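In what follows, a single structure is set out as structure tokens and then discussed.
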Amino acid sequence: MSRFWSRVVSTLTPYVPGEQPKIANLIKLNTNENPYPPSPQVLAAIQAELGADAARLRLYPDPNADQLKAAVARLHGVTAQQIFVGNGSDEVLAHVFMALLKHERPILFPDITYSFYPVYCGLYDVDYRTVPLTDDFSIDPADYTQPNGGIIFPNPNAPTGRLLALDAIEQILEANPDSVVAVDEAYVDFGGISAISLVDRHDNLLVVHTLSKSRALAGLRVGFAVGHPALIEALERVKNSFNSYPLDRLAIVGAVAALEDAGHFERTRQAVIATRDALTAELQSLGFAVLPSAANFIFARHPRRDAAQLAQALRDRSIIVRHFKLPRIDQFLRITVGTDAECKALTGTLHDILA
Ligand SMILES: Cc1ncc(COP(=O)(O)O)c(C=O)c1O
């Protein structure tokens, strides 16, 4: 507390990101990064943009990132007017809360979900109501029929990994024609079908993507949203009242190169999916109950061992996973799918801890 703080600062409960420890030889399975490097084309594009003397860094980047919007448009079969880009999907989401979810009525999101959503509500003074997931941790569209100022959920959900089918999303859209329904597809490439295919039919749908997970570019900070041009215009108005140049020159060219390397994307995505399925089977054989995951992480609990103690025991052996001390999920571990070798080290260590 300080007398220099504005009134809102003292009311905030900021998001706590997963740890980025600076310890050598750590197996880091706690923040859902991709275990594989990004496409080599990304580095080539960044080097080309820098040139021999990095002189271009003297100049501001394109404030509209048209080159990136064109690449997203080609990939997803939409127009540039249906695309908004930002500095990571977290920034895109922040603008969504401000531009499209701040209304008279409370917005709705699941009780177990991405923990940044209530933080944005605190920052922008958005009223919200949480909707409990069902007993098997899924979203039931019938629970999203009460009056609301907007709806947001990740699909697959985080940290559960559970996927909601497109027809269920369509039910939510149809039941809420006067609310924006934002679908945060940070993990969709690991097992879902994108709701971007629905944007031409539903003017209340906004789909948010990130290059941090399936494109292995968490360090470059690039995200985007796809929806009706009127929704995009709202986001552009907020963005241009906040920061005109959210994406730097290197991020724009790197993101374009990543989106254009379909072969690398497909190979690494399939490798993560295969490792996830093998890891699920291994954990089940160790006695864990594992929720079905369509993401690059799995959510698992052991019926007889305390999750916080398991996380600590792993940490003592240089393996970091995520444990949330929250109602309903405090006996679960969220484990990012690493390389095959990392996952083998994890299950071998768990075997020893459980023995
Ligand atoms: C559901 C969900 N949405 C959005 C993000 C933010 O991703 P980024 O800001 O790296 O694009 C994350 C990050 O973990 C996430 O889990």
Side-chain angles (χ1 to χ4, degrees), residues 18-19 25-39 136-138 154-165 185-194 210-218 261-307 309-324 329 331-355:
E19 223 187 325
N25 302 321
L26 192 76
I27 296 187
K28 189 173 176 307
L29 304 175
N30 68 329
T31 49
N32 299 343
E33 287 135 333
N34 198 308
Y36 302 107
S39 158
D136 68 358
F137 295 100
S138 31
N155 196 41
N157 196 7
T160 64
R162 292 212 73 147
L163 185 73
L164 188 64
E185 293 190 336
Y187 303 102
V188 76
D189 293 329
F190 299 107
I193 298 170
S194 176
T210 177
L211 277 74
S212 297
K213 314 293 180 181
S214 58
R215 305 279 171 176
L217 286 176
D261 192 343
H264 182 87
F265 169 70
E266 200 50 35
R267 278 190 300 279
T268 50
R269 179 174 92 93
Q270 292 301 343
V272 169
I273 291 170
T275 307
R276 175 188 71 211
D277 295 346
L279 176 60
T280 300
E282 278 288 317
L283 288 171
Q284 283 168 337
S285 75
L286 290 171
F288 282 88
V290 183
L291 293 190
S293 171
N296 69 335
F297 56 85
I298 57 179
F299 207 46
R301 57 183 273 276
H302 197 281
R304 288 178 304 283
R305 299 298 282 264
D306 179 68
Q309 284 175 10
L310 278 179
Q312 185 57 47
L314 285 169
R315 196 192 166 87
D316 294 343
R317 292 159 178 81
S318 299
I319 299 178
I320 308 193
V321 298
R322 193 97 192 253
H323 172 252
F324 298 92
I329 56 168
Q331 286 309 314
F332 280 85
L333 296 176
R334 193 198 66 190
I335 304 168
T336 303
V337 176
T339 59
D340 281 333
E342 288 172 327
C343 291
K344 275 210 170 64
L346 168 79
T347 49
T349 307
L350 277 171
H351 182 269
D352 296 346
I353 293 169
L354 294 168

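Since the structure is predicted, the reported quantities are computational estimates derived from the model, not experimental observations.
Counting only residues at least two apart or on different chains, the salt bridge (charged side-chain N to carboxylate O under 4.0 Å, His left out) pairs with a member in residues 268-289 are Glu266-Arg269. Counting only residues at least two apart or on different chains, the salt bridge (charged side-chain N to carboxylate O under 4.0 Å, His left out) pairs with a member in residues 310-320 are Glu19-Arg315. Listed by first and then second residue, the ring pair (Phe, Tyr, Trp, His ring centres under 6.0 Å) pairs that reach into residues 332-355 are Phe137-Phe332, Phe299-Phe332, sequence neighbours excluded.
Within 6.0 Å of CG on Leu354 lie more than 12 heavy atoms contributed by other residues, nucleotides or ligands.
Partners of His264 under the ring-ring contact (aromatic ring centres under 6.0 Å, His included) rule, at least two apart in sequence or in another chain, do not exist in this structure. By the ring-ring contact (aromatic ring centres under 6.0 Å, His included) test, Phe265 pairs with no residue at all, sequence neighbours left out.
In terms of modelled atom types and a separation under 3.5 Å, the side chain of Asn30 and the main chain of Arg322 share no donor-acceptor contact. Remark: side-chain polar atoms of Glu342 are paired, donor with acceptor, to backbone N or O of Thr339 under 3.5 angstrom. Formation of a donor-acceptor pair under 3.5 Å by the Thr336 side chain with backbone atoms of Leu29 is found in this model.
Taking each heavy atom of Thr268 and Ser214 in turn, the nearest pair found is OG1-O, 4.5 Å. Nearest heavy-atom pair, Cys343 versus Gly338, reported as atom, atom and distance to 0.1 Å: SG-N, 3.4 Å. Leu333 and His323 get closest at one heavy-atom pair: CD2-CB, 4.3 Å.
A donor-acceptor pair shorter than 3.5 Å can be found between the side chains of Lys28 and Thr31. For the residue pair Asn296 / Tyr187, no side-chain donor-acceptor distance below 3.5 Å is found, with atom types taken as modelled.
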Identify all side-chain donor-acceptor contacts of residues 154-163 below 3.5 Å with residues at least two apart in sequence or on another chain.
| residue | atom | partner | partner atom | Å |
| --- | --- | --- | --- | --- |
| Asn155 | OD1 | Leu164 | N | 2.6 |
| Asn155 | ND2 | Leu164 | O | 2.9 |
| Asn157 | OD1 | Thr113 | OG1 | 3.2 |
| Asn157 | ND2 | Ile112 | O | 3.0 |
| Thr160 | OG1 | Arg162 | N | 3.2 |
| Arg162 | NH1 | Asp136 | O | 2.8 |

